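Data block below; observations after.
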Amino acid sequence: MKSLKERDQAVNWHPYTQMKTAAAAIGIVRGEGVFLYDEDGKRYIDAVSSWWVTLHGHAHPYIAQRVSEQLNTLEQVIFAGFTHEPAIQLSENLLAILPENQKRVFYSDNGSTAIEVALKMCLQYWNNKGQSRRKILAFKDAYHGDTFGAMSVSGRSVWTNPFEEQLFDVVFIDAPTTANLKEIQQQIDVIANEVGCFIYEPLVQGSAGMLMHDAESLSALMDYCRQRDILLIQDEVFTGFGRTGKLFAVDYLTAVPDLMCFSKGLTGGTLPMGITTCTAVIYQAFYSDDQHKALFHGHSFTANPLACSAALASLELLLLPTTQAAIERITQKHRVFAKSIAMHPKVEGVRQLGTILALNWKTEHLGSYFSEIRGKLYDFFLNNGVLLRPLGNVLYILPPYCIEDAELDEIYRLILQALEEL
Ligand SMILES: *Cc1c(COP(=O)(O)O)cnc(C)c1O
């Protein structure tokens, strides 16, 4: 019998992977809680929540039960002209925990599509109102996904180089600090009347290397944009659902966005789904007797009932006092560990927000995604039964909330060991 590894190598093409030089993919046969088990019976602690999606652990029995019930009731139905209980309930439950101004829910399939929808809502909003505000603001190191619109509003990098000519123009600004806020505002001032929207990852820029900015500066920048009628798209695809220690990054801010994007933890990491929410004002710009003012967007699986029921179950779990206590416990433990290694000669820039802990491994080739230390660290942790996936020289942990102290301690211990040995 051929192994999963061997069969995979013959037919599959993996994401973000140079297939020639990468090691063969590890065949995973089972997940339970914070653990993944490979075909040889080896166990891994999933310390990155399987690319930032898993909230309550793998194969969570309650989510499985709810999805299974839904599977036997209604697996899928066209969402144009039709609706269903899970989509209605999920919209009600989600809006109830978002800022008061979020009034409408638009479903799609993943984080990138949630971004595409938000961008199209903003562009068509101004179009429907007969105003030409075509410019878009984004952060320099932004990451909003891999489809063309999402790539366009992401920072230019080795990832986007091959597509450069096909990406639309975006005005890039620095992430705000108390020091550069004035400068950013001056940059925007010159073009403010032409800017339709500003899209940003709030507080933590994940893919850029877990870069963090402070809530006061971001709130100030948002207020500033709002005063100039620039629509605010808050990309909470990564930061949503407890990651930052609060339910949403917006809960740290004094300003509120016009649109919000969600995916990743939305279904607890069980099924793919994206959501874009918006204010009544945006919705009203499309609400008309004129057919041409409708939002021209949809996907075959829009509001898939199975994904909705997974999201409903995951939200229920997330709001349990025990889960909130677990998030707080992880936050506290991260804080203690962060403090203990902050002064280590081999690390710098130790930073933390809620369940996200990140640090820079000091190397000669700072910041490169392809830096040599990345591979060494990745292999070291895998060999020791922990899945960590550094972004270049940035090592980060963001575990599922079901992780126990013993597993967290094991990850911390291995980081200390890596600091000794690598
Ligand atoms: C992952 C991510 C996306 C894209 O989501 P996909 O589901 O991978 O398409 C968008 N924005 C942010 C902030 C992300 O971290």
Side-chain angles (χ1 to χ4, degrees), residues 99 101 115 118-119 121-123 125-126 131-145 149-157 159-160 164 167-240 244 248-261 278-279 281-282 349 351 353 356 358 360 366-367 391 394:
N101 73 338
I115 298 296
L119 291 170
M121 278 181 180
C122 287
L123 292 173
Y125 169 88
W126 291 113
Q131 294 189 37
S132 72
R133 279 179 170 254
R134 313 308 294 176
K135 288 199 161 78
I136 297 172
L137 294 179
F139 285 150
K140 265 173 197 152
D141 296 313
Y143 178 77
H144 296 290
M151 263 198 297
S152 294
V153 293
S154 296
R156 301 297 185 259
S157 70
W159 299 348
T160 55
E164 183 66 44
L167 303 181
F168 56 73
D169 277 342
V170 166
V171 178
F172 289 107
I173 57 176
D174 285 318
T177 63
T178 38
N180 70 7
L181 196 58
K182 278 262 142 47
E183 212 175 300
I184 297 173
Q185 292 176 347
Q186 283 162 3
Q187 192 189 345
I188 299 173
D189 244 351
V190 188
I191 49 165
N193 292 338
E194 302 161 70
V195 178
C197 62
F198 167 38
I199 181 165
Y200 55 93
E201 300 156 88
L203 306 185
V204 191
Q205 296 186 260
S207 297
M210 302 295 156
L211 303 181
M212 298 183 187
H213 52 264
D214 67 278
E216 294 74 30
S217 299
L218 180 60
S219 295
L221 181 57
M222 290 166 69
D223 285 338
Y224 176 86
C225 289
R226 160 129 321 148
Q227 284 156 16
R228 280 147 190 83
D229 288 334
I230 296 169
L231 297 172
L232 300 167
I233 305 176
Q234 182 148 321
D235 177 355
E236 294 234 21
V237 168
F238 167 53
T239 51
T244 64
F248 301 98
V250 77
D251 298 324
Y252 285 96
L253 305 175
T254 52
V256 285
D258 299 288
L259 304 95
M260 298 180 77
C261 302
C278 72
T279 59
V281 172
I282 304 230
R351 51 205 181 274
L353 189 64
I356 308 163
N360 301 350
L366 258 183
L391 293 152
V394 176

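Small disclaimer: the values here were computed from a predicted structure and weren't measured.
- Residues that satisfy the side-chain contact (heavy atoms from CB on, under 4.5 Å) test with Gln131, not counting sequence neighbours, are Trp126, Lys129, Arg133.
- Under the side chain to side chain donor-acceptor pair (under 3.5 Å) criterion, Arg351 pairs with Asn360, sequence neighbours left out.
- Rounded to the nearest 0.5 angstrom, Asp258 CG and Cys278 SG are separated by 9.0 Å.
- Using a 4.5 Å heavy-atom cutoff, the side chains of Cys261 and Gln234 are not in contact.
- In this structure, Gln205 and Tyr200 have side chains that are not in contact, with every pair of non-hydrogen atoms separated by 4.5 Å or more.
- Judged as a salt bridge (charged side-chain N to carboxylate O under 4.0 Å, His left out), and not counting sequence neighbours, Asp223 has no contacts.
- A distance of 8.5 Å separates CG in Leu232 from CG in Leu259, rounded to the nearest 0.5 Å.
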Show which side-chain atoms of residues 136-143 pair as donor or acceptor with protein atoms under 3.5 Å away, not counting sequence neighbours.
from, atom 1, to, atom 2, distance (Å)
Lys140, NZ, Asp174, OD1, 3.1
Lys140, NZ, Asp174, OD2, 3.4
Tyr143, OH, Asp146, OD1, 2.9
Tyr143, OH, Asp146, OD2, 3.4

Would you mind writing out the side-chain donor-acceptor pairs for residues 248-255 within the sub-3.5 Å range, not counting sequence neighbours?
from, atom 1, to, atom 2, distance (Å)
Asp251, OD2, Phe248, N, 3.0
Tyr252, OH, Thr244, O, 2.5
Thr254, OG1, Ser219, OG, 3.3

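- For Arg156, the salt bridge (charged side-chain N to carboxylate O under 4.0 Å, His left out) partners are Glu164, not counting sequence neighbours.
- Screening residues 216-240 for ring pair (Phe, Tyr, Trp, His ring centres under 6.0 Å) gives Trp52-Phe238 as the qualifying pairs, with residues at least two apart or on separate chains.
- For Ala220 against Gln185, the heavy-atom pair with the smallest separation is O-NE2, 4.4 Å.
- The shortest non-hydrogen separation linking Cys197 to Leu119 is SG-CD2, 4.4 Å.
- Residues forming a side chain to side chain donor-acceptor pair (under 3.5 Å) with Tyr125 (at least two apart in sequence, or on another chain): none.
- We find the CD-CZ distance between Gln187 and Phe172 to be 11.5 Å, quoted to the nearest 0.5 Å.
- Using a 4.5 Å cut-off on side-chain heavy atoms (C-beta onward), Ile233 and Cys122 make contact.
- Looking at Val237 and His144, their side chains never come closer than 4.5 Å, going by heavy atoms from C-beta outward.
- Note on residues 191-203: pairs passing salt bridge (Lys or Arg N to Asp or Glu O under 4.0 Å), not counting sequence neighbours, are Lys135-Glu194.
- For the atom pair Asn101 CG and Ile282 CD1, the distance stands at 9.5 Å (nearest 0.5 Å).
- By the side chain to side chain donor-acceptor pair (under 3.5 Å) test, Thr177 is found to be paired with Asn180, residues two or more places apart in sequence or in another chain being considered.
- Contact of the Leu221 side chain with the Ile184 side chain is registered, since non-hydrogen atoms from C-beta on lie closer than 4.5 Å.
- Remark: Arg228 engages Asp189 in a salt bridge (charged side-chain N to carboxylate O under 4.0 Å, His left out) (not counting sequence neighbours).
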Exercise answer: donor-acceptor pairs, residues 207-214 side-chain atoms, under 3.5 Å, sequence neighbours excluded:
from, atom 1, to, atom 2, distance (Å)
His213, NE2, Leu203, N, 3.0
Asp214, OD1, Ser217, OG, 2.9
Asp214, OD2, Glu216, N, 3.3
Asp214, OD2, Ser217, N, 2.9
Asp214, OD2, Ser217, OG, 3.0

Exercise for the section: Could you walk me through whether Val256 and Arg226 pass side-chain contact (heavy atoms from CB on, under 4.5 Å), step by step? Expected result: CA-CA 9 Å; Val256 285; Arg226 160 129 321 148; 3.9 Å; yes
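- Summarising the geometry of Pro202 relative to Thr239, their closest heavy-atom pair is O-CG2, 3.5 Å, with the distance given to 0.1 Å.
- No side-chain heavy atom of Asn193 sits under 4.5 Å from any side-chain heavy atom of Asp229.
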